[in-house]
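Please read the structure below before turning to the comments.
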Protein chains: 2
Amino acid sequence: MDEDTVFRALADGSRRRLLDRLHARNGQTLGELCEGLEMTRQAVTKHLGILEEANLVSTRRQGREKLHYINPVPINEIADRWISKFERRALDALSDLKKSLEGSKDE
Amino acid sequence: MDEDTVFRALADGSRRRLLDRLHARNGQTLGELCEGLEMTRQAVTKHLGILEEANLVSTRRQGREKLHYINPVPINEIADRWISKFERRALDALSDLKKSLEGSKDE
DNA sequence: AAAACAGGCAACCAAATGGTTCCATATCAG
DNA sequence: CTGATATGGAACCATTTGGTTGCCTGTTTT
């Protein structure tokens, strides 16, 4: 929901890597997400908490395990609402470049 | 260039608002960008420095003024290289939802 | 040349951030 | 029940971050 929370959550490389992992295989437990990382379990817990608060990850308790699922909706909201307006400008810039190249061809 | 620098730069609301301002009108001076903000000029300078380091803003000196221009390329790189893979998942989720709705209609 | 204007630099500060360690709780296996 | 396993909570710490203030440099304007 809150744009700032999402951007903040995405600002950290470890959290982005966690999202990458969940993207590769969804529904992993905390323990699985910790494997191979140079961090304590508690650090990962905190990161997942921040991702959960930003609604980028949702969780489900199953017995003593906690399964983590990626939620792409907030990312899409950002992409749609915020990034798209800069993309339009990028496309404009590209078309300007194209025109200038075409112009130099003629001159 | 560096993904992390860009994400970090985008993590702050004041900086995103500065990008918004430049998106609305490109090529503003530092003084113009400060107008109406509840921040000192030096704070804005710092933010613009971070945006510049992330290659989200480029500058041009003109006399005693410094003009700031938005550069959408890094944002597009993020959108293309990183966000798109989550978007695909979002579309998958939507199509799953659609299927499940269609299923429940039949049953 | 002097004053006014636009911006840069550096020291400093409080709060947030990313991480740790230690301990507690809940659940599963034997 | 007991022990191992999976996660949660809280205190604590160093560094980064976002902001300030004070002063300096360069460029116009008069």
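Here is how names work: the chains are called A, B, and so on, in the same order as the sequence lines, proteins then strands, and each is numbered from 1.
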ask   = Nearest nucleotide by nearest heavy atom, which residue falls closer to the 5' end of DNA chain D, B:R15 or A:R61?
value = A:R61
message = What I'd like to find out is whether the side chain of A:L37 reaches to under 4.5 Å of the side chain of A:L18, using heavy atoms alone.
response = yes
task = Respond yes when some side-chain nitrogen or oxygen of B:R64 is under 4.0 Å from OP1 or OP2 of C:dA4, and no when none is.
result = no
message = Pick the closest DNA chain C nucleotide for B:G31 and for A:R8 by heavy atoms, then say which residue is nearer the 5' end.
response = B:G31
Main-chain N/O of A:K66 paired to A:R60 side chain as donor or acceptor, under 3.5 Å = no
message = Without decimals, in angstroms, what is the distance between A:L37 CG and C:dG18 P?
response = 15 Å
request  = Please check the phosphate of D:dG19 (OP1 and OP2 only) for any side-chain N or O of B:S14 closer than 4.0 Å.
outcome  = yes
query = So does A:T40 get a side-chain nitrogen or oxygen closer than 4.0 Å to the phosphate oxygens (OP1/OP2) of C:dT20?
reply = yes
ask   = Given atom CG of A:L33 and atom P of D:dA6, what is their separation to the nearest angstrom?
value = 13 Å
query = Which one, D:dT20, D:dT7, C:dG7, comes nearest to the side chain of A:T29?
reply = D:dT7
message = At 4.0 Å (heavy atoms only), tell me whether A:R41 reaches a base, stays on the sugar-phosphate, or touches nothing.
response = base
Whole angstrom value for the distance that separates C1' of C:dA16 from CD of A:E53 = 14 Å
query = Within this structure, what is the CD-to-P distance between A:E52 and D:dT7, rounded to whole angstrom?
reply = 13 Å
request  = Mind running side chain to side chain contact (heavy atoms under 4.5 Å, CB included) on B:I70 and B:L51 for me, showing each step along the way?
outcome  = CA-CA 9 Å; B:I70 196 172; B:L51 290 172; over 6 Å; no
task = Determine yes or no for a side-chain-to-main-chain donor-acceptor pair under 3.5 angstrom, with B:R15 supplying the side chain and B:R8 the backbone.
result = yes
key: Over 12 non-hydrogen atoms of neighbours within 6.0 angstrom of CD in A:E32   = yes
task = Would you kindly give the CE-to-P distance between B:M39 and D:dT17, to the nearest whole Å?
result = 17 Å
task = Check the distance between C:dC5's C1' and B:L30's CG and give it to me in whole angstrom.
result = 12 Å
request  = State whether B:K66 places a side-chain N or O below 4.0 Å from either non-bridging phosphate oxygen (OP1 or OP2) of D:dG26.
outcome  = no
query = For the base of D:dG22, is there a side-chain donor-acceptor partner from B:Q42 under 3.5 Å away?
reply = yes
ask   = Once you round it to whole Å, what is the distance between P of C:dG8 and CG of B:L48?
value = 9 Å
task = Look at the side-chain N and O atoms of A:K46 and state whether any lies under 4.0 Å from the OP1 or OP2 oxygen of C:dT17.
result = no
Distance, rounded to the nearest Å, where B:L51 contributes CG and D:dG18 contributes P = 11 Å
